[in-house]
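Here it is, the structure in full.
Because the structure is predicted, anything quoted here is derived from the model rather than measured. Whatever order the structure lists them in is the order used to number ligands and atoms, beginning at 1.
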Amino acid sequence: MLIDHWPLVGLRLTTPDLELRWPTNEELAALADIAAEGIHDPAFMPFLFPWTDTTPAERARSVILHFWRTAGNWKPDDWAIPFVVFQGDEPIGIQAINAAQFAITREVSTGSWLGLRFHGQGFGTQMRAAVLTLAFEGLGAETACSGAMMGNAQSLGVSRKIGYHEDGLGRAVVSGKLRIEQRLRIDAKDFQSPCRVLVKGLDPCLKDFGL
Ligand SMILES: CC(C)(COP(=O)(O)OP(=O)(O)OC[C@H]1O[C@@H](n2cnc3c(N)ncnc32)[C@H](O)[C@@H]1OP(=O)(O)O)[C@@H](O)C(=O)NCCC(=O)NCCS
């Protein structure tokens, strides 16, 4: 069975409204449909790499290809999980968490998106809390970083609610234009999850996280 070779398919994070887990290919296709409907106001690009600035069909395909590519590039000392976020049976977005040389750095980074019609209902906060609980309580992370473009009130709102502090500004070129990124950080000692989070299926995966 797949889980015998790839235990990450059994890793599940549960919050009051959501489940974060590995998808089947058909669930990935359903998530691609959600991406095709739209992820953000096209007038405001929230991502450093502007992957959403294309046709709905290409945006959908890039969700699938990005997931497979990320899984295929897995290394215990350089990993990234693009958790698919489910509300019931419906995939609604991605909450990614990644790290390099985690056993030494004890630092993770996160990034996320939700289909437009799922914004503003507290889901972004729950899914970030879920991966931070995995990182701090499950994996023994000491610190977690994130970042948001100046003006991304929703993403900055999630970070504020969770208790991140500002960690400097970054300058990036996105589609030929200067964008300023607010960097954010939260340390293990300052993290208290805003909601209950259950982590299941972690033990068989520890080796794959380089632990
Ligand atoms: C970022 C994202 C995942 C957040 O998810 P979400 O479910 O919308 O977020 P939540 O509802 O949990 O929380 C958003 C918070 O920001 C606040 N917020 C939203 N717009 C705001 C504004 N204009 N000014 C101030 N606060 C604002 C909300 O009020 C909320 O805080 P509250 O619960 O205290 O009221 C989602 O909006 C998204 O997918 N955006 C597009 C992609 C993106 O920006 N990804 C992040 C790239 S770094």
With heavy atoms of G122 as the reference, note each atom of ligand 1 found under 4.0 Å away. 10 (P), 11 (O), 12 (O)
Answer yes or no for atom 8 (O) of ligand 1: protein heavy atom present at a distance under 4.0 Å? yes
Looking only at distance, does L114 have an N or O less than 3.5 Å from an N or O of ligand 1? yes
To check your reading of the model: name the closest protein heavy atom to atom 40 (N) of ligand 1, its residue, and the distance in Å. H119 CE1, 3.3 Å
Please check if the distance between the ring centroids of W113 and F118 is under 6.0 Å. no
I want to confirm something. Looking only at heavy atoms, which of F123, F44, F47 is nearest to atom 42 (C) of ligand 1? F47
Geometric N/O contact W113 with ligand 1, under 3.5 angstrom: no
Show me which atoms of ligand 1 lie under 4.0 Å from any heavy atom of K161. 12 (O), 13 (O), 31 (O), 32 (P), 33 (O), 34 (O)
Please evaluate residues R117 and E90 with respect to the criterion salt bridge (charged side-chain N to carboxylate O under 4.0 Å, His left out), reporting the C-alpha separation (whole Å), side-chain torsions for both, the decisive distance (0.1 Å), and the verdict. CA-CA 13 Å; R117 63 190 157 94; E90 185 177 21; 3.6 Å; yes
Ligand 1 to G124 polar contact by distance, N or O atoms, under 3.5 Å: yes
Using a 4.0 Å cutoff against the non-hydrogen atoms of T125, which atoms of ligand 1 qualify? 10 (P), 12 (O), 13 (O)
Show me which atoms of ligand 1 lie under 4.0 Å from any heavy atom of I39. 41 (C)
Using distance alone, with no hydrogens and no angle criterion, decide if W68 and N25 have a side-chain donor and acceptor under 3.5 Å apart. yes
Short check: is a protein heavy atom less than 4.0 Å from atom 2 (C) of ligand 1? no
Examine the proximity of ligand 1 to Q126 and report which part, side chain or backbone, both or neither, has a heavy atom under 4.0 Å away. neither
Can you list the steps and then say if R21 with E27 is a salt bridge (charged side-chain N to carboxylate O under 4.0 Å, His left out)? CA-CA 11 Å; R21 63 171 170 82; E27 288 168 337; 2.9 Å; yes
In this structure, atom 14 (C) of ligand 1 is nearest to the protein heavy atom Q154 O, 3.6 Å
heavy-atom search around atom 16 (O) of ligand 1 in the protein gives G157 CA, 3.4 Å
Measure the CE-CZ distance between M127 and F86 for me, rounded to the nearest 0.5 Å. 12.5 Å
Tell me which protein heavy atom sits closest to atom 46 (C) of ligand 1, plus the residue, atom name and distance to 0.1 Å. S112 O, 3.3 Å
Atom 33 (O) of ligand 1 protein-contacted, heavy-atom criterion under 4.0 angstrom: yes
Contact between G147 and ligand 1, counting heavy atoms under 4.0 Å? yes
At what distance is the nearest protein heavy atom to atom 4 (C) of ligand 1, and which residue and atom is it? V158 CG2, 3.8 Å
Euclidean distance, F102 CZ relative to E107 CD, rounded to 0.5 Å: 9.5 Å
Please identify which atoms of ligand 1 are closer than 4.0 Å to at least one heavy atom of Q121. 11 (O)
Is any side-chain heavy atom of V85 closer than 4.5 Å to a side-chain heavy atom of E19? no
Touching ligand 1 at all, G111? Heavy atoms, strictly under 4.0 Å? no
N152 CG to F47 CZ distance, which is reported to the nearest 0.5 Å: 8.5 Å
Co-members of Y164 in a cluster of I, L, V, M, F, W and Y side chains, linked at under 4.5 Å: L132, F136, L156, V158, I162, L184, I186, F191
Enumerate donor-acceptor pairs with a distance under 3.5 Å from any side-chain N or O in residues 196-211 to protein atoms, sequence neighbours excluded.
none

Just to be sure I read this right, does ligand 1 sit under 4.0 Å from the backbone of N152, its side chain, both, or neither, counting only heavy atoms? side chain
Ring-face cation contact, F67 with R61, 6.0 Å cut, 45° max: no
Do S112 and R128 pair up side chain to side chain, a donor and an acceptor below 3.5 Å, judged on atom types alone? no
Out of S159, A153, A129, whose heavy atom sits nearest atom 25 (C) of ligand 1? A153
Check ligand 1 against G120 and write out every atom of the ligand that is under 4.0 Å from a heavy-atom position of the residue. 6 (P), 7 (O), 8 (O), 11 (O)
What are the two closest non-hydrogen atoms of S193 and C195, and how far apart are they? OG-O, 2.5 Å
In short, A129 meets P194 closest at the heavy-atom pair CB-CD, 3.6 Å
